[in-house]
Protein chains: 2
Amino acid sequence: MVQETAVLDAAEHLFYDRGIQAVGMDEIRTTSGVSLKRLYQLFPSKEALVVRYLERRDKRWRDSLMAYVLREGGEVGAVFDWLYQWFSEPGYRGCAFINSFGELGATSPAVTAVVRHHKDELWGHLRELVDDDAKADRLLLLVEGAIVVAAIRQDPDVVRQAKAAAEALVSG
Amino acid sequence: MVQETAVLDAAEHLFYDRGIQAVGMDEIRTTSGVSLKRLYQLFPSKEALVVRYLERRDKRWRDSLMAYVLREGGEVGAVFDWLYQWFSEPGYRGCAFINSFGELGATSPAVTAVVRHHKDELWGHLRELVDDDAKADRLLLLVEGAIVVAAIRQDPDVVRQAKAAAEALVSG
DNA sequence: TAGCGCTGAGAACGGTCGTTCTCTAGTCTA
DNA sequence: TAGACTAGAGAACGACCGTTCTCAGCGCTA
């Protein structure tokens, strides 16, 4: 269990920072300190490890976002305040799910499924903050747009426009 | 010249469909019909080929978008009509630049630079359609969001909400 | 203490990657 | 015709990939 966590921590760090195909199992072994044999007992293949990495990140990411939003009173604007903090973290490199989808979506149905699930769940959370499906769609567009633009510009400030646009559409 | 085009056509097709690291130079050789030796005379490395592929796609993509928008009268909504057509093409797999950035951005400054340039230029085009920078930012967020969500959902219909939101923010 | 099973480190395996080299065949000049 | 140059096909190279295997060393039980 502690080893599984060590492997997932190492995998998440390396995969997110450098991309999945750029990281070999050997490097995960070295970083986690878990032997290759044990690593393959815990995860039968690299793809399985990737899927578990994404699943764990999905849960943690959504839990963190929604806990923050509730703590702040459940207003839509809080979503973007949370995003701003995330974008400002050193090493921010966009959304792990979008990145994984771009890299492996064409060849790995398992990865595609996790990514799709993550975005569906995110939509569901946003849906709870507004009063119809269309607004949830528009909110999702602003969130995804902000994630992508902040990553490519290496600048979290777009989130201000995203937040302002979101508040306008909610009140409208 | 005709060979260069053959190589770039093959590379673009393969890279976009399956991801860059998933495609080897051998497959580009086979698909293009250009020998490996000549291929390396035309492009000194795979990274150089990737950069050329992105540069060519950047120009073609933006030219196509802006020509369409102008033809339709230069209204913001036309951007999203063009996007809808693009999303509906078979084999649509999101934005080549976002995907390349996620896959190689961490390891290739050259790729990062082309991606950033592409998005900057896109922002510039959008800026011409509205009357201030903030609206161009918000438009870009909706465009990027639509590109990502349509790809992951495999459904072009989000573009309707993107278009409606864009028209609301422009008139507001 | 003798023998057994489990563990870990890392060597080894087959395959593929990006890149370079070899070698053959053809074309042009003198 | 002889010889120098080019270009093509694809073998070869070294590195590294994901995955499996070997084997020495450890803690158990009797």
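Throughout, a chain's letter reflects where its sequence line sits, starting with A, and its residues are numbered from 1.
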Within this structure, what is the [atom1]-to-[atom2] distance between [X] and [N], rounded to whole angstrom?
{"X": "B:Asp26", "N": "D:dC13", "atom1": "CG", "atom2": "C1'", "answer": "14 Å"}
{"X": "B:Ile20", "N": "C:dT16", "atom1": "CD1", "atom2": "P", "answer": "21 Å"}
{"X": "A:Arg29", "N": "C:dA11", "atom1": "CZ", "atom2": "P", "answer": "9 Å"}
{"X": "A:Leu49", "N": "D:dG18", "atom1": "CG", "atom2": "C1'", "answer": "12 Å"}
{"X": "A:Gln21", "N": "D:dA15", "atom1": "CD", "atom2": "P", "answer": "22 Å"}
{"X": "A:Gln41", "N": "D:dT19", "atom1": "CD", "atom2": "C1'", "answer": "13 Å"}
{"X": "A:Leu36", "N": "D:dC17", "atom1": "CG", "atom2": "P", "answer": "12 Å"}
{"X": "A:Glu27", "N": "C:dG10", "atom1": "CD", "atom2": "C1'", "answer": "17 Å"}

> With respect to A:Glu12, which candidate in A:Arg18, A:Arg52, A:Arg60 satisfies the salt bridge (charged side-chain N to carboxylate O under 4.0 Å, His left out) definition?
Replying inline: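 Option passing the salt bridge (charged side-chain N to carboxylate O under 4.0 Å, His left out) with A:Glu12: A:Arg60.
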> With distance as the sole test, does B:Arg138 use its side chain to make a donor-acceptor pair with the main-chain N or O of B:Ala166 at under 3.5 Å?
Replying inline: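 No.
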> Which residue lies toward the 5' end of DNA chain C, B:Ser45 or B:Lys37, if each is placed at its nearest nucleotide?
Replying inline: B:Ser45
> If you draw the axis of the six-membered ring of B:Tyr16, does the NZ or CZ of B:Arg57 fall within 45° of it and under 6.0 Å from the ring centre?
Replying inline: yes
> A:Tyr40 side chain: which of D:dA9, C:dG10, D:dG18 is closest?
Replying inline: D:dG18
> Parallel, tilted or perpendicular: which describes the rings of A:Trp61 and A:His118, with under 30° parallel and over 60° perpendicular?
Replying inline: perpendicular
> Using a cut-off of 4.0 Å on non-hydrogen atoms, how would the nucleic acid contact of B:Lys46 be classed: base, sugar-phosphate, or nothing?
Replying inline: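 It contacts sugar-phosphate atoms only.
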> Which part of the nucleic acid does B:Val34 contact within heavy-atom distance under 4.0 Å: base, sugar-phosphate only, or nothing?
Replying inline: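 B:Val34: no heavy atom of the nucleic acid under 4.0 Å.
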